[in-house]
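Order of appearance sets the numbers: ligands from 1, and atoms from 1 within every ligand. Sequence positions, counted from 1, serve as the residue numbers for this chain.
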Amino acid sequence: MRSPIEDYLQEVLAGTEDGGEVASYIPELAQADPERLAAALCTADGTVYAAGDTAARFSIQSMSKPFAYALALEEHGIDRVLQKVGVEPSGDSFNSASLDPSDQRPDNPMINIGAIATHALILPEGSRDERDERVRLGLSAFAGRELAVEEAVYASEIETAFRNLSLAYLVRSADGFGQDPHEIVEGYTRQCALSVDVRDLAVMAMTLAAGGVNPVTTKRVVSAEVAQQVLSVMTMCGMYDAAGDWMTHVGIPAKSGVSGGVIGGLPGQVGLSVFSPRLDRVGHSVRGVQVFERFSREMGMHLLTSPPLSVDAVRSITRTETDRGQQRSFALQGPLRFSSAEQVLRQFERVTPGDFPVALDLSRVTSFDPVARRMVLEGLRRLREDGHPILLADPKGVLPEPDLGDGSLPERLDA
Ligand code: GLN
């Protein structure tokens with residue numbers, strides 16, 4: 001069978017209408033073929049669907065910023081990075097020359113001034129070459145393939161990087177970093193000139209959406225905490241001065257680049273990318289935005305759409321006669337998190353004290369998150385305190401270490 005998903009991607013691309021202009025402030029980008037159009041989608045298990053000009057390579061530009069930010073966070077921890085670069089939406093354009101008046105930090109790491117300060121945080125004691133290599137290999141780990149700098153793009157941008165140089169001097173003057181501003185802009189520009197295609201970008205986005213593990217190589221690139229921080233900042237600041245409009249309208253944590261790419265990552269679900277070089281006035285790919293709008297609308301991908309309410313976590317409650325009275329057996333189902341574990345506790349509350357056994361059947365439970373695990377174990381502990389022997393059937397081992405508080409374990413029904 002031919003994948004309907006690839007056909008869908010194709011259809012979405014065909015339905016877009018182009019407009020706007022190719023970026024020209026970086027002379028090499030003005031040479032891009034404006035008709036190029038491609039999209040890719042990477043799933044949580046690392047399957048990549050792609051359509052259009054999937055072989056087209058282009059420079060990553062500002063789409064490198066979330067990943068460089070992730071590397072800085074991984075190296076120094078969130079708090080130390082926060083001392084240097086904030087997480088507030090600026091409401092300004094990507095190259096605005098602004099520092100927070102109260103603390104002289106760049107507002108966030110997604111605008112150029114914050115991205116330059118962030119780049120300087122990577123191997124701060126290292127040489128420019130060492131830092132470049134760390135960035136290149138770090139972004140390669142996100143992509144699952146070794147990326148290389150497009151030298152022509154680098155050469156072209158660095159020749160006209162007056163604006164970014166002024167931003168670097170501004171951060172340097174506010175003690176944002178200690179290195180030579182020139183070197184930092186060179187490194188940042190090389191970071192932006194890394195060459196990618198839509199598949200790379202979809203995998204990179206999915207790595208963030210998968211809590212920091214590359215779904216294709218299955219290697220951990222950054223911690224889950226770092227991945228969450230990066231997606232949060234993308235949600236608020238990734239689309240610059242159109243971020244509010246984007247979040248309400250599309251609702252996918254995203255980042256755009258002046259080469260014409262847009263990436264988005266929906267936690268636990270998909271990494272998305274689109275490439276089409278013509279840009280709107282904010283600097284977002286015109287057709288890229290349209291594709292994301294359709295994805296959001298037609299594939300139900302707005303982050304804040306309420307998910308279906310949890311199914312009944314308690315599938316059945318049965319009573320069976322035992323020599324110690326009527327045993328209560330609770331069969332649970334589905335993924336257990338706070339809202340479903342609360343349903344379980346509510347049923348436990350109805351069990352009167354006594355010495356009849358209480359049995360828990362987890363054979364239809366798919367997972368416990370840490371909160372649900374704590375809640376259910378606490379419920380069992382209290383039932384035991386009320387006098388009940390606790391019996392547990394967990395054939396798949398979804399409830400790790402079912403310790404009832406004092407090191408005692410429930411009696412296993414599946415052992
Ligand atoms: N390298 C570009 C710059 O610094 C990146 C900007 C962008 O993609 N929005 O100007």
| said: Are the side chains of Asp200 and Leu147 in contact, using a 4.5 Å heavy-atom criterion? | reply: yes
| message | Side chain or backbone, does Ser256 bring an N or O within less than 3.5 Å of an N or O on ligand 1? | response |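 Not met; the criterion fails.
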With heavy atoms under 4.0 Å as the rule, classify the contact between [X] and ligand 1 as side chain, backbone, both or neither.
X	result
Tyr240	side chain
Asn112	side chain
Arg163	neither

| query | What is the closest protein heavy atom to atom 7 (C) of ligand 1, and at what distance does it sit? | reply |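 Answer, as residue, atom name and distance: Ser62 OG, 2.4 Å.
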| field | Heavy atom of the protein closest to atom 10 (O) of ligand 1 (residue, atom name, distance) | value |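 Scanning the protein heavy atoms, the shortest distance from atom 10 (O) of ligand 1 goes to Tyr25 OH, 2.5 Å.
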Could [X] and [Y] be called an ion pair, given the rule that one side-chain N must be under 4.0 Å from one carboxylate O?
X	Y	value
Arg294	Glu11	yes
Arg190	Asp132	yes
Glu35	Arg278	yes
Arg136	Glu146	yes

| said: Does either side chain, that of Lys255 or that of Tyr69, offer a donor lying less than 3.5 Å from an acceptor on the other one? | reply: no
| query | Judged by non-hydrogen atoms, does Asn164 sit under 4.0 Å from ligand 1? | reply | yes
Enumerate the atoms of ligand 1 whose separation from the nearest heavy atom of [X] is less than 4.0 angstrom.
X	answer
Gly257	8 (O)
Phe94	6 (C), 9 (N), 10 (O)
Cys192	1 (N)

| message | Could you check, using the six-membered ring where one of them is a Trp, whether Phe330 and Phe348 have ring centers closer than 6.0 angstrom? | response | yes
